[in-house]
Amino acid sequence: MKLYWPRALLDRIKQLFPKLDNVSRTKWSVAGLVLVLLGVGMFYLWPSTSATAQQKTPEKEATLVAVIPVKIVRMAPKMALAGTVIARNDSKLASEVEGRVAWVAEVGSNVKEGDVVARLSNNVLAMQLASQNANVARLSASLRYNRGQAARMQRLYSSKAIAQSQRDEAVSARDMTAAELGQAKAQLEQTQYQFDHSEIRAPFNGNVAARLINAGEYASPGKEIVRLVDINSIEVKAQAPIDIAHFLHQDQAIKVQIQDKTVDAHVRAIVPVGDELSRTVEVRLTLAPGAALVGDAAKVMVPSARPHTVLAVPRDALILREESTYIFKVNAKGEAARVAIETGSEDSGLVEVKGKIAKGDSVIVQGAELLEPGQKVRVNPTT
């Protein structure tokens with residue numbers, strides 16, 4: 001076999017080694033082949049840089065995780081009911097008298113029970129009071145005189161000094177004056193009531209939510225003036241199907257979702273009268289002050305069946321993906337094992353799970369987001 005080397009390479013070798021000029025081309029070919037074999041052998045026998053670096057790279061440290069054992073609890077399936085946050089005291093205060101509106105409290109004002117929220121002009125009523133007070137005083141004086149006169153006529157009649165008709169006339173005058181005085185006092189009280197109620201006062205502590213009339217307008221009896229809302233006494237109103245109403249009871253703790261947050265509520269009342277069209281009953285649940293705004297939409301999680309025994313894990317242990325929901329548990333080798341699960345009921349932060357999982361299994365609740373199946377883990381001793 002002949003190997004043909006490039007002419008330029010042979011000329012370069014001859015320049016470097018002049019004494020080898022007389023060597024035949026065949027011998028040069030054999031020498032070149034030997035050099036190539038030596039180079040290939042050194043390439044394969046010499047330890048590679050990547051292998052050396054790989055041997056020097058330390059093993060990846062185990063990931064620190066927090067775990068909680070799987071629990072067996074009693075839990076009931078839940079049904080979500082649409083509800084609305086309302087105030088227990090929400091009133092549209094109306095005028096009891098007529099008159100021009102002089103002043104109305106500003107929207108958003110916080111008022112206490114008994115505070116004035118609107119005022120009507122009472123100038124005319126004040127003049128009526130003065131006139132009626134004078135009339136009462138006049139009739140009172142007339143009644144005193146007529147009583148004295150009737151008493152004298154009675155004494156004279158008893159001594160047969162006057163006729164019975166004279167005595168009866170004096171008694172009649174006394175009684176008529178007394179009746180007129182009573183009527184005058186009633187009119188005075190009515191005017192005084194109207195005068196006092198020309199100021200509309202708050203029947204409870206609350207916030208002025210709306211002005212329903214403005215200053216300068218004329219109010220008639222029954223005309224709504226302001227809307228007053230007690231924002232510190234709020235509750236959720238929801239309609240529950242009749243067939244699950246017997247799973248609810250007064251003071252029962254219920255979870256309510258409002259504005260992407262879960263708050264605690266308690267059943268205050270279950271109206272024992274169902275709607276014949278919707279087949280539902282009204283449920284009222286008390287909220288803590290400041291837990292929501294009046295008018296907020298609420299999702300009420302009520303039990304739809306009796307409690308039963310289930311396996312449960314904290315919600316933080318769930319890893320939700322579009323294709324599936326799974327958890328990681330720590331196996332006997334100290335590795336993260338991924339387990340596909342199905343979720344069910346939820347209560348107090350625990351979620352019912354179904355899958356290849358048993359009571360007491362150590363489920364990872366912190367540090368599972370970036371784990372891979374089979375990855376070494378190290379349990380945080382503080383959990």
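Note that the structure is a prediction, hence the values are computed from the model and not measured.
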**OP:** Assess whether side-chain hydrogen bond (donor to acceptor under 3.5 Å, both in side chains) is satisfied between S278 and D275, documenting all intermediate values.
**Re:** CA-CA 6 Å; S278 63; D275 183 83; 3.1 Å; yes
Original post:
Which is it for L188 and L129 under the side-chain contact (heavy atoms from CB on, under 4.5 Å) test, yes or no, and what are the steps along the way?
Top reply: CA-CA 6 Å; L188 176 62; L129 279 177; 3.7 Å; yes
**OP:** Before giving the answer on side-chain contact (heavy atoms from CB on, under 4.5 Å), spell out for L350 and V313 the whole-Å C-alpha distance, their side-chain angles and the decisive distance to 0.1 Å.
**Re:** CA-CA 5 Å; L350 295 177; V313 299; over 6 Å; no
**OP:** Please test L311 against V70 for side-chain contact (heavy atoms from CB on, under 4.5 Å), starting from the C-alpha separation and ending with a verdict.
**Re:** CA-CA 7 Å; L311 292 174; V70 178; 4.0 Å; yes
Subject >> V363 vs I68, side-chain contact (heavy atoms from CB on, under 4.5 Å): CA-CA, chis, key distance, verdict >> reply: CA-CA 5 Å; V363 176; I68 286 183; 5.7 Å; no
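Aromatic ring centroids of Y193 and F195 lie 6.0 Å or more apart.
Using a distance-only test at 3.5 Å, with no hydrogens or angles considered, no donor-acceptor pair links the side chain of D296 to the main chain of A292. Remark: side-chain polar atoms of T177 are paired, donor with acceptor, to backbone N or O of A173 under 3.5 angstrom. For the pair S91 (side chain) and L93 (backbone), a donor-acceptor distance under 3.5 Å is absent. Without hydrogens or angle criteria, S109 side chain to E106 main chain gives a donor-acceptor distance under 3.5 Å. Side-chain N or O atoms of N207 include one that pairs as donor or acceptor with a backbone N or O of G108 at under 3.5 Å. Of the possible donor and acceptor atoms, one in the side chain of E352 sits under 3.5 Å from a partner among the backbone N and O of S345. In terms of modelled atom types and a separation under 3.5 Å, the side chain of K376 and the main chain of K333 share a donor-acceptor contact. A distance-only check finds a donor-acceptor pair linking the side chain of N205 to the backbone of E113 [under 3.5 Å]. The backbone N or O of A184 lies less than 3.5 Å from no partner atom in the side chain of Q187, so there is not a single donor-acceptor pair. Using a distance-only test at 3.5 Å, with no hydrogens or angles considered, a donor-acceptor pair links the side chain of H308 to the main chain of M75.
Remark: R227 engages D90 in a salt bridge, criterion side-chain N to carboxylate O under 4.0 Å. A salt bridge links K255 to D264: one of the charged nitrogens lies within less than 4.0 Å of a carboxylate oxygen. Between E282 and R284, at least one side-chain nitrogen of the basic residue sits less than 4.0 Å from a carboxylate oxygen of the acidic one, meeting the salt-bridge criterion. Note on E342 versus K354: no salt bridge recorded, every NZ/NE/NH1/NH2 to OD/OE distance being 4.0 Å or above. Under 4.0 Å is where a charged nitrogen must lie from a carboxylate oxygen, and between E235 and R268 at least one such pair does.
Distance CZ/R144 to CG/L181: 9.5 Å, rounded to 0.5 Å. A distance of 5.5 Å separates CD1 of I231 from CG of N110, quoted to the nearest 0.5 Å. Distance check, rounded to the nearest 0.5 Å: CD1 of I327 to CG of L318 gives 7.5 Å. Annotation: the span from E224 atom CD to I200 atom CD1 amounts to 11.0 Å, rounded to 0.5 Å.
Taking the side chain as every heavy atom from C-beta outward, N214 and V101 never approach each other to under 4.5 Å. Side-chain contact between L248 and V302 is present, with at least one heavy-atom pair separated by less than 4.5 Å. Using a 4.5 Å cut-off on side-chain heavy atoms (C-beta onward), V226 and L212 make no contact. Side-chain contact check for I234 versus I86: every heavy-atom pair is 4.5 Å or farther apart. Side-chain contact between F247 and R306 is present, with heavy atoms from C-beta onward closer than 4.5 Å.
Closest of all the heavy-atom pairs between V377 and E335 is CG2-C, 4.2 Å. Between E96 and P221, the closest heavy-atom pair is O-CB, 3.7 Å. Closest non-hydrogen pair, V107 versus A209, comes out as CG1-O, 3.6 Å. Closest non-hydrogen pair, G274 versus I242, comes out as CA-CD1, 4.1 Å.
Not counting sequence neighbours, the partners of R138 by the side-chain hydrogen bond (donor to acceptor under 3.5 Å, both in side chains) test are N135.
Seen from the ring of Y218, R100 does not count as a face-on cation partner, given the 6.0 Å and 45° thresholds.
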